[in-house]
> 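Quick one: the structure is below, questions incoming.
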Amino acid sequence: AQSVAQPEDQVNVAEGNPLTVKCTYSVSGNPYLFWYVQYPNRGLQFLLKYITGDNLVKGSYGFEAEFNKSQTSFHLKKPSALVSDSALYFCAVRDGYSSASKIIFGSGTRLSIRP
Amino acid sequence: NAGVTQTPKFQVLKTGQSMTLQCAQDMNHEYMSWYRQDPGMGLRLIHYSVGAGITDQGEVPNGYNVSRSTTEDFPLRLLSAAPSQTSVYFCASSSDRTSGNTIYFGEGSWLTVV
């Protein structure tokens, strides 16, 4: 069975510092991995995805994520945090082995950027 | 481009009542799903569908029914509402063929069961 874990409920970073939001996964086949962001009382916005190819994926708003197969991780990173990055971030995984597989989300990490 | 449309946006139900949350997408996506979001629990998958006529259970299916008679529509039915079903519900769709597996979400439906 596939699963995804976001081990940190909250991450606090000072503005201008680098940020990392962690995600680990478990699938039987090749993982399709996603990061989404949610602002208060809003839906979810797509940030980036890894399906195949280059392990370093660049996405919206200056975010990037690195697929690490040996560590089964897909951590979200940004070199210099902005206060406006404060939001709830979700990692998701789909088992790419089967087109009938489901998409599972993590429990979310709240990112707080202090000025 | 409408994308994924959910209705209603807000609903208050009494315990025991039934209702249907509607979801429609106009992108010809084969994959559709319903999630509920609760504080500290993230997004939990209720039911999903990989094509018309095909549905399957997710992580928390009890108390909910779905059907997929067309590619466009994926309604979620609450058979007998309970206070534990108070939550925010999100419908989502994606496609291996046309969206590169990017998941598109509706704006959410806020449901309160009293």
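Order of the sequence lines sets the chain letters (A, B, ...), proteins ahead of strands, with each chain counted from 1.
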> Determine whether the aromatic ring centres of residues B:Phe105 and A:Phe105 are separated by less than 6.0 angstrom.
yes

> Just to be sure I understand the criterion: a residue of residues 106-114 of chain B counts if one of its heavy atoms is under 4.5 Å from a heavy atom of chain A. Which ones qualify?
B:Gly106, B:Glu107, B:Trp110

> Side chain from CB out, backbone as N, CA, C, O: work out which of these in B:Leu43 comes under 4.5 Å of a heavy atom of chain A, or both, or neither.
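Both the backbone and the side chain of B:Leu43 come within 4.5 Å of chain A.
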
> Taking B:Leu21 as the starting point, is it possible to reach B:Tyr48 by hopping between hydrophobic residues whose side chains are less than 4.5 Å apart?
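No, B:Tyr48 and B:Leu21 fall in different hydrophobic clusters.
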
> Distance check, rounded to the nearest 0.5 Å: A:Ser107 atom OG versus B:Arg44 atom CZ?
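It comes to 11.0 Å.
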
> Is there a continuous path of hydrophobic side-chain contacts, each under 4.5 Å between heavy atoms, that joins B:Phe90 to B:Leu13?
no

> Could you note down all residue pairs passing ring-ring contact (aromatic ring centres under 6.0 Å, His included) where residues 53-72 of chain B supplies at least one of them, sequence neighbours left out?
B:Tyr64-B:Tyr89

> Is chain B contacted by the side chain of A:Ile51, its backbone, both, or neither, given a heavy-atom distance below 4.5 Å?
side chain

> Give the intermediate values and the outcome of side chain to side chain contact (heavy atoms under 4.5 Å, CB included) for residues A:Ile103 and B:Ile103.
CA-CA 9 Å; A:Ile103 302 170; B:Ile103 309 157; 3.6 Å; yes

> Counting only non-hydrogen atoms closer than 4.5 Å, does A:Ser101 touch chain B with its backbone (N, CA, C, O), its side chain (CB onward), both, or neither?
backbone

> I'd like to know whether B:Ser33 forms a side-chain hydrogen bond (donor to acceptor under 3.5 Å, both in side chains) with A:Lys102, so could you lay out the CA-CA distance, the side-chain angles of the two residues, the decisive distance to 0.1 Å, and finally the verdict.
CA-CA 8 Å; B:Ser33 53; A:Lys102 53 197 172 188; over 6 Å; no

> May I ask you to name which of B:Asp56, B:Val88, B:Val50, B:Ile54 has the most heavy-atom pairs under 4.5 Å with chain A?
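Ranked by contacts with chain A, first place is B:Val50.
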
> Answer with side chain, backbone, both or neither: which region of A:Arg110 has an atom nearer than 4.5 Å to a non-hydrogen atom of chain B?
neither

> Please state whether the side chain, the backbone, both or neither of A:Gln45 comes within less than 4.5 Å of a heavy atom of chain B.
neither

> If I compare all heavy atoms of A:Lys49 with all of B:Asn101, which pair ends up nearest, and what's the gap?
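That would be NZ-N, 4.3 Å.
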
